[in-house]
Each structure stands twice: as C-alpha cells, then as structure tokens.
Amino acid sequence: MTAYANFPGSRPRRLRTTPTMRRMVAETRLDPANLILPAFVREGIDAPVAISAMPGVHQHTLDTLRKAAVEAVSAGVSGIMLFGVPEDGKKDARATAGTDPDGILQVALRAVREEVGDELVVMSDLCLDEFTDHGHCGVLDADGRVDNDATLERYAEMAQVQADAGAHVVGPSGMMDGQVGVIRDALDQTGHEDVSILAYTVKYSSAFYGPFREAVGSSLTGDRKTYQQDPANARESLRELALDLAEGADMVMVKPAGPYLDILAKVAESVDVPVAAYQISGEYAMIEAAAEKGWIDRDKAILESLTGIRRAGAQMILTYWATEAAQWLGHGRG
C-alpha cells in the first residue's frame with residue numbers, strides 16, 4: 001500500500017469499466033455513413049470472377065454490381081467508387097475505351113444510377129490505366145514517358161463522359177499536375193457544375209497496390225514513380241494539397257491509408273473540405289491472409305484498422321469491407 005491515501009487520485013481506468021461506459025466516452029465514432037465501397041465491373045463475363053489476392057472481392061458483372069449497390073444502400077454505406085475492366089482487345093495507347101460512352105465504366109455508371117438513384121453517391125475512377133495497353137495512367141510521348149499535358153486532355157474528355165453517364169463524383173487518380181483544374185473546367189463547360197471532384201491529392205507509389213493490379217487486369221510495365229509520390233516525402237503532400245484546393249477540389253484523398261496515417265492527420269488538420277482515405281488492396285489482403293492463418297481475429301482487426309483511419313482524420317473511408325463493416329456497425333458491433 002502507498003503512503004498516500006488518495007494515490008492515485010486520477011484513475012483513467014474508471015472510464016473503461018464496461019462496454020457501455022467505453023462506448024459513451026469514445027472519442028472516435030465509426031458509422032456506416034463514413035464508408036465508401038470500391039467495386040470492379042468487368043466487360044465480357046457472365047458470372048463474377050474471384051480476385052485471388054483479395055479473398056471475398058470479385059470482378060462484377062453488371063447484374064451483380066447492381067446487387068452490390070443495393071446491398072450497400074441497405075447497410076447504410078454512403079458511396080460506391082466504380083472501376084471499369086475492359087476486354088483486353090479494347091485497350092490501346094490512348095485508352096479510347098475509357099472515353100467511349102458505351103465503354104464498360106460508363107455502362108456501369110448508368111446501371112448503378114438506374115438501380116439506386118441518389119441513395120448512393122455514385123463515384124467513378126477517372127484515370128486511363130485500366131484502359132491503356134501499357135497500363136500507365138496517361139498517354140506516352142515518343143520516348144515512352146507519361147506526357148502530363150496530353151494526358152490532361154484525355155482526362156477532360158473522360159470527366160465529361162462519366163458525368164454524362166451519371167457520376168455524382170469523379171475521382172481523378174492519375175497524379176498529373178493540373179488535373180483538378182482541367183477537369184473542373186471540362187465539367188463546368190459541359191453543364192456538369194454539380195458534379196463533384198474527389199481529388200486523389202496524396203497518392204503514393206506504394207507496394208501495397210499489388211492485388212489491385214489483378215483486380216483491374218492491369219497491363220502495366222515498369223512503375224509509376226515519375227508521377228505518384230515518393231513514400232519518403234511528407235511536405236510534398238501539403239504542396240499537392242494546396243494546388244488541388246486552388247484548382248477547385250471539393251474533397252481530397254490520401255492513398256494508401258494505413259501506412260500513411262501521419263500524412264492523413266496533417267491533411268485533415270490543414271483543410272476545411274471533406275477528407276477521404278483509401279484502405280487499399282494490399283491493406284485488405286494482409287488482414288485477410290493473417291486471419292485465414294488464424295493469426296489475428298479478422299473482424300476485430302477490420303474494425304480496428306478502420307477506426308484508426310477515422311481517428312487520424314478521414315471523414316470518408318474507401319474500403320472493400322464497406323458493406324460488411326456497415327452491417328456490423330448497424331447492429332452495434334462498432
């Protein structure tokens with residue numbers, strides 16, 4: 001026994017005594033409304049195709065995509081981010097399938113809007129990489145380098161067709177300089193002033209994208225280090241942030257989420273617009289793989305990882321567990 005009768009006078013453990021007490025004093029709350037579901041839709045298939053590196057995630061047909069959208073609405077998820085996977089024969093150097101009004105991504109946008117209307121915020125990935133035969137996020141110059149300004153012209157076209165197809169939000173993810181401003185001008189000049197831009201403001205060149213390559217049937221050769229950010233840099237993120245805001249971004253994103261929580265916190269502290277974070281394929285795959293081995297409790301690890309991203313400042317989290325986690329949260333498991 002201590003000689004001090006009232007030691008310790010402050011006992012933080014008093015506020016941890018019961019589940020109800022812990023819930024009452026929780027500083028961070030995770031809600032289905034915080035979640036956005038990324039979804040892949042593939043052209044030319046008549047049944048969903050499992051993604052081996054992402055257990056439980058599939059490349060959808062249009063019909064199963066519609067069902068996934070309805071399930072997301074029922075669970076209370078706020079948004080869905082669509083990625084199109086064209087047939088290999090439709091890929092070319094300029095990603096023309098990406099701006100074809102009848103391309104798979106535009107068809108999927110129309111299908112989802114038809115199915116759920118405004119009950120989900122329907123978002124579209126605005127990038128060329130899924131549609132190029134070289135797999136890069138832009139068009140290449142004569143020396144095989146990504147041509148920033150020529151790529152912006154393609155982004156402007158893509159923004160228009162995605163908005164025409166029904167996207168509430170476009171998500172430029174290619175990390176081209178000036179992309180937000182060009183896209184904003186293209187949308188405004190074509191009568192799409194109400195379409196929002198979720199800027200992939202901070203997108204690092206990450207090893208954790210690996211499973212995503214399978215998910216979108218990537219044709220990438222080489223890497224994207226000349227346009228995605230260097231993981232060693234932090235101040236650079238705030239420079240990118242200032243530029244995107246000046247160009248008219250409505251929302252900003254940090255990607256990946258888990259390995260860059262410090263960057264997410266810096267961004268969240270610096271802005272007065274909504275902040276998103278993308279819990280990417282590699283983050284998903286690690287938890288699923290460890291859980292399959294019996295090394296961690298899958299469900300608890302999922303909720304802990306999402307809570308950490310929310311605590312760091314993300315108001316919106318893109319996660320492949322969006323619908324499942326939202327269902328748990330709706331039943332009081334958060």
Exercise for the section: Check for a donor-acceptor pair, side chain of Glu115 on one end and backbone N or O of Arg66 on the other, with a separation under 3.5 Å. Expected result: no
Practice task
Ignoring hydrogens and angles, tell me if any N or O in the side chain of Arg110 forms a donor-acceptor pair with the backbone of Asp102 under 3.5 Å.
Solution key: no
Practice task
Please confirm whether the backbone N or O of Phe208 pairs with a side-chain atom of Ser206, one donor and one acceptor, at under 3.5 Å?
Solution key: yes
Problem - Backbone of Gly138 reached by a side-chain donor or acceptor of Thr151 within 3.5 Å - result: no
Handout entry: ring-ring contact (aromatic ring centres under 6.0 Å, His included) involving Tyr260 - partner list, sequence neighbours excluded
Key = Tyr204
Problem - Donor-acceptor side-chain pairing of Ser305 and Gln279 below 3.5 angstrom - result: yes
Handout entry: Heavy-atom donor-acceptor pair, His168 side chain to Val122 backbone, under 3.5 Å
Key = yes
Problem - Co-members of the apolar cluster containing Leu15 [side chain, <4.5 Å] - result: Met21, Met24, Val25
Handout entry: Asp250: salt bridge (Lys or Arg N to Asp or Glu O under 4.0 Å) partners, not counting sequence neighbours
Key = Arg184
Exercise for the section: Please determine if Asp100 and Lys90 form a salt bridge, counting it only when a charged side-chain N lies under 4.0 Å from a carboxylate O. Expected result: no
Handout entry: Co-members of the apolar cluster containing Val161 [side chain, <4.5 Å]
Key = none
Practice task
Show the numbers, then the answer: is there a side-chain hydrogen bond (donor to acceptor under 3.5 Å, both in side chains) between Gln162 and Ser124?
Solution key: CA-CA 7 Å; Gln162 291 182 354; Ser124 58; 2.6 Å; yes
Problem - Glu43 side chain to Pro86 backbone, donor-acceptor under 3.5 Å - result: no
Handout entry: salt bridge (Lys or Arg N to Asp or Glu O under 4.0 Å) pairs, two or more places apart, involving residues 156-171
Key = Arg154-Glu157
Practice task
Evaluate the ring planes of Phe40 and Tyr320, with Trp represented by its six-membered ring, and classify them as parallel (under 30°), tilted (30 to 60°) or perpendicular (over 60°).
Solution key: parallel
Practice task
Measure the spacing between CD of Gln160 and CD1 of Ile183 and express it to the nearest 0.5 Å.
Solution key: 12.5 Å
Practice task
For the pair Asp147 (side chain) and Ala150 (backbone), establish whether a donor and an acceptor sit closer than 3.5 Å, ignoring hydrogens and angles.
Solution key: yes
Handout entry: Asn34 (side chain) donor-acceptor with Gln315 (main chain) under 3.5 angstrom
Key = yes
Handout entry: Ionic contact status for Arg42 with Glu87, cut-off 4.0 Å
Key = no
Problem - Sidechain-backbone polar pair: Glu240 side chain, Ser237 backbone, donor-acceptor under 3.5 Å - result: no
Practice task
Using modelled atom types only, decide if a donor and an acceptor are shared between the side chain of Lys203 and the backbone of Ser173 within a distance under 3.5 Å.
Solution key: yes
Problem - Cationic N near anionic O, under 4.0 Å, Arg145 to Asp143 - result: yes
Completion exercise
In short, salt bridge (Lys or Arg N to Asp or Glu O under 4.0 Å) pairs touching residues 277-293 with sequence neighbours left out are Glu288-Arg298
Practice task
Give a yes or no on whether Arg239 atom CZ has more than 12 heavy-atom contacts from other residues, nucleotides or ligands under 6.0 Å away.
Solution key: no
Exercise for the section: Begin with the C-alpha distance, continue with both residues' side-chain angles, and end with the deciding distance and a verdict on salt bridge (Lys or Arg N to Asp or Glu O under 4.0 Å) for Arg310 and Asp31. Expected result: CA-CA 10 Å; Arg310 180 84 176 92; Asp31 186 88; over 6 Å; no
